[in-house]
Undergrad: 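Take a look at this one; I'll ask things after.
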Amino acid sequence: MMHVAILFQVVQVSCFLSEPAILLMVNSMKYHPLTTVSLLDFLCRITPNFYPSLSDRVRQGIQTSLRQILKKGVLPSLAPIVDNQKIERDLKSLAIEMFPEFLTSNDGEVHRLDDATIARNDFESPTPGDVLSDIMETNHGSTVLDEPVFSDDEESSDESKLKVQQASLEVKEKPRSSPVPKVSISKAPLPSLNQILTSVVSDQIDLATSMAALEGQPSLTSCIEKLRDEVDDETRCEIVEELVQLIVKDEVDSEERLALAECVAVILSPQMECKIYPELPTPESLEESTSSPFHVLFRALCEMTDDDPGREPLLDFLASLHKVQSRIAYHLLYFLRASRSAEGRSTVYEAFCQARATPLMEALFADMKVCQEDDVQLFCWLVPVLYTWFPLVTVGNSQLLRLVVGTVDSVQLVDLISLILQGRLVILPPDSTLISLLDSSLSWDTFEQMALWQLVAAHGVSLQSLLPLIPLVKYPENSEAITSLLIMLRKERPNSELVGLLLKRQVHHSDTLVPSLLAYWSRQYRGALSDAVVSQLQTSISQSKPSISSPLKRKRATQSGKTKDPEPPPEPKGLDVNLERMLGHLDSMRQCVLGTNGCLVYNLGLSSANQKVQENFFCLDNLQNALAQVQSLCTDLQKGRFSDLFALADTDVEAPPGKRGRKPTKSKGRQIVKQDSDSSDVSSEEEVIKQRPVKKRRKAAQLGSDSD
């Protein structure tokens, strides 16, 4: 609704097209202030930023639109919009600076509303009649009779004001429950942004001035005059062919070439700006769509050989034409694919980029961005050939790939995946550069990332190539990538390298990537998972365990001849970062499988055999031995933190105090399942662990006599 006010002209655009946005701002002041603030902020910021080179023209168009609104009696004043208490001071200042004519009075003071009007009782239930009758008041609290309603183009401004005042009085006399009178709105079509910008570019270029610059070339001037006056497309094509013959003679300097390009752009702008991609693309319809007058330039260029002396002057003219009309670039790409005469001539576009003095990838991205804004169907139709014609610069380019996945819908995504499966399209780079591309995509929007991972799956990228991405994804910022990795990892068999990458991830209390995979693998590949976990624990233990001299070494004599007792072992220095992360993930898995109280959770739908497997995973002998070794390296704080996990490794029960003799051993009622890697061997044979032999105390020798 706001775009209508940009470059507003009374002759071309009717006033009522810009009224809904202003009425929405006014009617939302009291009960939806955020809407008013957002629209006002947008209107202030788009004025200098929509088209920076024509910011004055944009400001003039918006001001013209606002004058027409006031003239038609839609609003008596725009000052109440900035007088809302919900609007910040900076935004008020910006609005007054942008539109001082409408937000200040004759003496320079800003219009303000009475506080009683702004601070309405929140307990009252407003009705549309309230909004129409009480929306604005003057400084003294008197109600303004001119209420905000839609104008009628068929009535004069005085008649409309009189009717607005009468309608306002009728609304105030009616009870609050009375309905608001219906307002008729015209159904005239809304001009598109391309049409608005086209009118701006056309207004910028003065055809007479450009033709005056061609006074030294009477033949060119004659062709331009005939092209301007002719309406038949076939005759226009013949005239453009004459122009081509004059251009390739290379008798035009740079200034005359630019003036000629401006003339052609203005005259042929209707054909260049309309959609040319047919609704039903067939070879016949595609060939017919390349019969416009400006396509004659492309056809002549494709018919020339690389060493033709007229090729360079024609490329320079197209480069000058691109400065005036940027759509000519993607029209060239369309012609190269759609026309039979241009088959196998994709190098013509590369030569065109060289004439523009623009790198190929930079030019491709800019041209496809313009195409995407004009015609999405044409954009998606051109994407496959870009990756086929220019694979060295397009395959793996993150900018172009994001433009593609951010534009396609579900149907167009299926078409791309189908071409990939058929072997006719390659979008993703090889493994060496794929990780950097996926890493840069972690900041994309959700749909863009999900579409990208669909393309990854379609290319059949191996999981081994994606392993370096596991430490890079963070929860919950990169949930899209984590979701795709979870689905891919569950199909893999756990091994030491894969489990090591997972266990060394940073621990997050809500991150379910590692505990979910470990819990799943504990049911399907219990033996392989335990071996991988123990291998990682042993490796980290050997790297972090301090070298301690054995206390059983012989005592060495000191210089005084006395023996020195062995030093007590040093206090443990604690776990390193990797070991602490491993314990954190195992503890999260323990809570995921056994719960904080030792009972199974998440067991909905699991058979009793699978539940038993999950319980027995922590009872495996090699895993408990490894946890016991890790426990010996922990500080007291770390032992307390992972006490529930270490409790699974405690096997001995100390004897009660005050009693002598050997300590009673705890019967290990555990059972070990034979560690087969396949999930089908869950119900394997069980063996009872043999109890460790208890060392007997040596009895003191009985002495026969006191002297002995």
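Sequential numbering from 1 along the given sequence is applied to the chain's residues.
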Undergrad: Looking at side-chain heavy atoms only, is the closest gap between Leu498 and Leu489 below 4.5 Å?
TA: yes

Undergrad: So how far is it from Leu268 CG to His295 NE2, rounded to the nearest 0.5 Å?
TA: 11.0 Å

Undergrad: Are Lys275 and Asp374 within salt-bridge range, i.e. N to O under 4.0 Å?
TA: no

Undergrad: If you round to the nearest 0.5 Å, how far is NZ of Lys491 from OH of Tyr520?
TA: 10.0 Å

Undergrad: Quick one: side chain to side chain donor-acceptor pair (under 3.5 Å) pairs with a partner in residues 377-400, sequence neighbours left out?
TA: none

Undergrad: Does any part of the side chain of Val414, heavy atoms only, come nearer than 4.5 Å to the side chain of Ser418, both counted from C-beta?
TA: yes

Undergrad: Please report the C-alpha distance between Trp444 and Leu401 in whole Å, then the side-chain angles of each, then the deciding distance to 0.1 Å, and finally whether the side-chain contact (heavy atoms from CB on, under 4.5 Å) criterion is met.
TA: CA-CA 11 Å; Trp444 296 0; Leu401 182 57; 4.2 Å; yes

Undergrad: Drop me the distance from Leu332's CG to Leu297's CG, to the nearest 0.5 angstrom.
TA: 10.0 Å

Undergrad: How close do Cys592 and Ala519 get, counting heavy atoms only, and between which atoms?
TA: SG-CB, 4.2 Å

Undergrad: A side-chain contact here means heavy atoms from C-beta on lying under 4.5 Å apart; do Val507 and His585 qualify?
TA: yes

Undergrad: Is there a side-chain contact between Leu466 and Leu438 in this structure, where contact means two heavy atoms from C-beta onward sitting under 4.5 Å apart?
TA: yes

Undergrad: What orientation do Phe298 and Phe335 show, parallel under 30°, tilted 30 to 60°, or perpendicular over 60°?
TA: tilted

Undergrad: Any sub-3.5 Å donor-acceptor pair from Glu287's side-chain atoms to Arg340's backbone N or O?
TA: yes

Undergrad: With sequence neighbours left out, which residue pairs that include part of residues 453-476 fulfil the side chain to side chain donor-acceptor pair (under 3.5 Å) condition?
TA: Asp431-Ser465, Ser462-Ser465, Gln464-Glu497

Undergrad: Could you walk me through whether Thr433 and Ser436 satisfy the side chain to side chain donor-acceptor pair (under 3.5 Å) test, starting with their C-alpha distance in whole Å, then the side-chain angles of each, then the deciding distance to 0.1 Å, before giving a yes or no?
TA: CA-CA 6 Å; Thr433 56; Ser436 60; 5.4 Å; no

Undergrad: Can a side-chain donor-acceptor contact be found between Gln449 and Ser441 if the only test is distance below 3.5 angstrom?
TA: no

Undergrad: Is any NZ, NE, NH1 or NH2 atom of the basic residue among Arg299 and Glu303 found under 4.0 Å from an Asp or Glu carboxylate oxygen of the other?
TA: no

Undergrad: A quick test of your reading: do over 12 heavy atoms of other residues, nucleotides or ligands sit less than 6.0 Å from CD of Glu477?
TA: yes

Undergrad: Under a 4.5 Å cut-off applied to non-hydrogen side-chain atoms, are Arg505 and Val473 in contact?
TA: yes

Undergrad: Do Leu455 and Leu413 come close enough that some side-chain heavy atom pair is under 4.5 Å?
TA: yes

Undergrad: From Gln271 CD over to Arg327 CZ, what is the distance, rounded to the nearest 0.5 angstrom?
TA: 13.0 Å

Undergrad: Give every residue pair that meets the salt bridge (charged side-chain N to carboxylate O under 4.0 Å, His left out) criterion with at least one member in residues 380-394, sequence neighbours excluded.
TA: none

Undergrad: At what distance, to the nearest 0.5 angstrom, does CD of Glu492 lie from CG of Leu467?
TA: 8.5 Å

Undergrad: Test side-chain contact (heavy atoms from CB on, under 4.5 Å) on Leu321 and Met272 and set out the steps.
TA: CA-CA 12 Å; Leu321 184 59; Met272 294 182 183; 4.1 Å; yes

Undergrad: Please report the shortest heavy-atom distance between Arg345 and Leu336, naming the atom on each side.
TA: O-CD2, 3.6 Å

Undergrad: With side chains defined as the heavy atoms from C-beta onward, is the minimum distance between Val404 and Leu416 less than 4.5 Å?
TA: yes

Undergrad: Parallel, tilted or perpendicular: which one describes the rings of Tyr349 and Phe352, with boundaries at 30° and 60°?
TA: tilted

Undergrad: Tell me, with the steps shown, if Val264 and Phe294 meet side-chain contact (heavy atoms from CB on, under 4.5 Å).
TA: CA-CA 9 Å; Val264 173; Phe294 67 89; 6.0 Å; no

Undergrad: Between Arg57 and Tyr51, does a side-chain contact (heavy atoms from CB on, under 4.5 Å) hold up when you go through it step by step?
TA: CA-CA 9 Å; Arg57 179 74 176 276; Tyr51 204 91; over 6 Å; no

Undergrad: Might you point out which heavy atoms bring Thr407 and Gln412 nearest each other, and give the distance in Å?
TA: O-OE1, 4.0 Å

Undergrad: In Å and rounded to the nearest 0.5 Å, what is the NZ to SG distance from Lys369 to Cys371?
TA: 11.0 Å

Undergrad: Any side-chain heavy-atom pair from Arg356 and Lys323 closer than 4.5 angstrom?
TA: no

